[in-house]
Asker: 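Please read through the structure below; I'll follow up with questions.
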Amino acid sequence: MSSSSRSRVDLARHTGYEFLSTTVLFFGVVSLVRVLALPDSPLAIKDPHLMLGTAGAVVALLLAALMYAPTGRASGGHFNPAVTVFLWADGLFPARAVLPYIAAQLAGSVSGPALARLVWGAPVGRMHYAVVAPAPGLGTTALFLIETAALVAILAAVAVVMSHPRLHALIPAVIAVGVGLVIASLGTVTGANINPARAFGPALLSGQYAHLWIYLLSPLVAGLLAGLAHRALRTSGPATAQPATT
């Protein structure tokens, strides 16, 4: 097999891993909302802050497990179009793989909640597939800026770890902890989206499109800005980061 053919096969396999992992991730997220947030669940937590803190911890564990799994290590474990854009803007991910990865992630954001609907039944429909929404009264500009800043903060932490090769194994943990903290702290404010895929599937399945453009665009802007900034810093000094898996 030629190198170009092998590269295409690898891209197809890794894109498939992204779809599978993203499906599992969002099946877990919707299932978690079903278990923790709906009043008819025996495990429902009435206090919203306690509920979101619990959800953040569980999502962090799930996300870390998926990233450290063989499929996550093979694909790079993005599960988020903004992460793909971040790595591409940083010069660490090939342009030819960007659209396939994003397509796989968005497809997984639909299949995961749809699978949760099959497993959990009507309650998933009643909770609108765990569609994200901001707090009442939060303005469009504030929502955009807070969501963008939250993801930039996570990616900045990732960039710091990327700059130290001995710490590369901690990258999934840094991302998982960052996402968990955002869910716990911003869930009652912005909905704690920070991932276009998190918004896309539930919105499509539920028909709830309010604020969707912000939830799709703000993480991509964050990924682009963080990637370009880190690339400028990285290329101005000793190169230590390694290209992401394709």
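Side chains included, hydrogens not; waters and symmetry mates left out as well; all remaining heavy atoms used.
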Asker: V221 versus F144: any side-chain heavy-atom pair under 4.5 Å?
Answerer: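 They are in contact (side-chain heavy atoms under 4.5 Å apart), so the answer is yes.
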Asker: Which distance, rounded to the nearest 0.5 Å, do you find between the CD of E147 and the CG of N195?
Answerer: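 Rounded to the nearest 0.5 Å, the CD-CG separation comes out at 10.0 Å.
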Asker: If two hydrophobic side chains count as joined below 4.5 Å and joins carry through other members, does V152 share a cluster with V177?
Answerer: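 In one cluster with V152: V177, no.
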Asker: Please tell me if the side chains of H230 and S163 come closer than 4.5 Å, counting only heavy atoms from C-beta onward.
Answerer: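 Result yes, sub-4.5 Å side-chain heavy-atom pair found.
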Asker: To the nearest 0.5 Å, what is the distance between OG1 on T15 and CD1 on I102?
Answerer: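 Taking OG1 in T15 and CD1 in I102, the distance rounds to 11.0 Å.
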Asker: Indicate the atoms forming the closest heavy-atom contact of E18 with A104, along with that distance.
Answerer: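 The pair with the smallest heavy-atom distance is CB-CB, 4.2 Å.
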Asker: Any non-hydrogen side-chain atom of L204 less than 4.5 Å from a side-chain atom of Y209?
Answerer: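 Yes, at least one pair of side-chain atoms sits under 4.5 Å.
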Asker: Provide the closest heavy-atom pair for M67 versus G77 in the form atom of the first, atom of the second, distance.
Answerer: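 Looking at all heavy atoms of both residues, the closest pair is CE-O, 3.5 Å.
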Asker: Which one of L92, L155, N80 satisfies the side-chain contact (heavy atoms from CB on, under 4.5 Å) criterion with F86?
Answerer: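 For F86, the side-chain contact (heavy atoms from CB on, under 4.5 Å) check succeeds only for L155.
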Asker: I need the T190 OG1 to L143 CG distance, nearest 0.5 Å.
Answerer: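 So the gap between those two atoms works out to 6.5 Å.
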Asker: If Ile, Leu, Val, Met, Phe, Trp and Tyr residues are connected whenever their side-chain heavy atoms lie under 4.5 Å apart, and connections chain through other members, are L62 and V35 in the same group?
Answerer: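 Yes, because L62 and V35 connect within a single hydrophobic cluster, where side-chain heavy atoms sit under 4.5 Å apart.
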Asker: Under 3.5 Å, is there a donor-acceptor pair between the S7 and R96 side chains?
Answerer: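 There is such a pair between these side chains.
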Asker: Enter the distance from R198:CZ to F26:CZ here, rounded to the nearest 0.5 Å.
Answerer: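 Output value for this atom pair is 7.0 Å.
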Asker: Taking only residues two or more places apart in sequence, or in another chain, which ones meet S21 in a side-chain hydrogen bond (donor to acceptor under 3.5 Å, both in side chains)?
Answerer: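 For S21, no residue satisfies side-chain hydrogen bond (donor to acceptor under 3.5 Å, both in side chains) once neighbours in sequence are set aside.
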Asker: Quick one: which of L63, I175, V179 gives a side-chain contact (heavy atoms from CB on, under 4.5 Å) with F79?
Answerer: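 Exactly one option meets the side-chain contact (heavy atoms from CB on, under 4.5 Å) with F79, and it is L63.
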Asker: Mind checking whether L66 and L61 sit in one hydrophobic cluster, side chains of I, L, V, M, F, W, Y counted as touching below 4.5 Å?
Answerer: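 Cluster IDs for L66 and L61 differ.
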Asker: Looking at every non-hydrogen atom in both residues, tell me the closest pair between P113 and G108 and how far apart they are.
Answerer: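 Looking at all heavy atoms of both residues, the closest pair is CD-O, 4.1 Å.
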Asker: Ring centroid separation for Y101 and F93, is it under 6.0 angstrom?
Answerer: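 Yes, the ring of Y101 comes within the 6.0 Å limit of the ring of F93, centre to centre.
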Asker: Side chains of H128 and P202: does their closest heavy-atom pair fall under 4.5 Å?
Answerer: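 Sidechains of P202 and H128: no contact.
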Asker: Answer whether the closest heavy-atom distance between the side chains of D90 and M162 falls below 4.5 Å.
Answerer: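 In short, these two side chains touch, coming nearer than 4.5 Å.
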Asker: Do side-chain atoms of S31 reach the backbone of G28 as a donor and acceptor pair under 3.5 angstrom?
Answerer: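 Between the backbone of G28 and the side chain of S31 there is no qualifying donor-acceptor contact (under 3.5 Å).
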Asker: Rounded to the nearest 0.5 Å, how far apart are CG of L220 and CG of L151?
Answerer: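 Output value for this atom pair is 9.0 Å.
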Asker: Taking L38's backbone N and O only, do any of them form a donor-acceptor pair with S41's side chain (distance below 3.5 Å, no angle check)?
Answerer: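 No.
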Asker: For D40, give me all partners under side-chain hydrogen bond (donor to acceptor under 3.5 Å, both in side chains), at least two apart in sequence or on another chain.
Answerer: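 Partners of D40 by the side-chain hydrogen bond (donor to acceptor under 3.5 Å, both in side chains) criterion, ordered by chain and then number, come out as R34.
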Asker: Can you see which heavy atom on V30 is nearest to which on A116, and at what distance?
Answerer: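 So the two residues come closest at CG1-CB, 3.7 Å.
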Asker: For the atom pair CG (L11) and OG (S75), what is the distance rounded to the nearest 0.5 Å?
Answerer: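 Answer rounded to 0.5 Å: 11.0 Å.
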Asker: So if you build clusters from Ile, Leu, Val, Met, Phe, Trp, Tyr with side-chain heavy-atom gaps below 4.5 Å, do F19 and F200 land together?
Answerer: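 Looking at the clustering, F200 is in a separate group from F19.
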Asker: Side chains of Q105 and T22: do they bring a donor and an acceptor to under 3.5 Å?
Answerer: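 There is no such pair (donor and acceptor under 3.5 Å, judged by atom type) between the side chains of Q105 and T22.
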Asker: Please check if L50 and V182 belong to a single hydrophobic cluster, counting links between Ile, Leu, Val, Met, Phe, Trp and Tyr side chain heavy atoms closer than 4.5 Å.
Answerer: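 L50 clusters together with V182.
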Asker: List the atom of L52, the atom of T188, and the distance in Å for their closest heavy-atom pair.
Answerer: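 Between these two residues, the closest heavy atoms are CD1-CG2, 3.2 Å.
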Asker: Between Y129 and S109, is there a side-chain heavy-atom distance shorter than 4.5 Å?
Answerer: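 They are not in contact (no side-chain heavy atoms under 4.5 Å apart), so the answer is no.
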Asker: Tell me the closest heavy-atom pair linking V189 and S185, and the distance in Å.
Answerer: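 Looking at all heavy atoms of both residues, the shortest contact is CG2-O, 4.2 Å.
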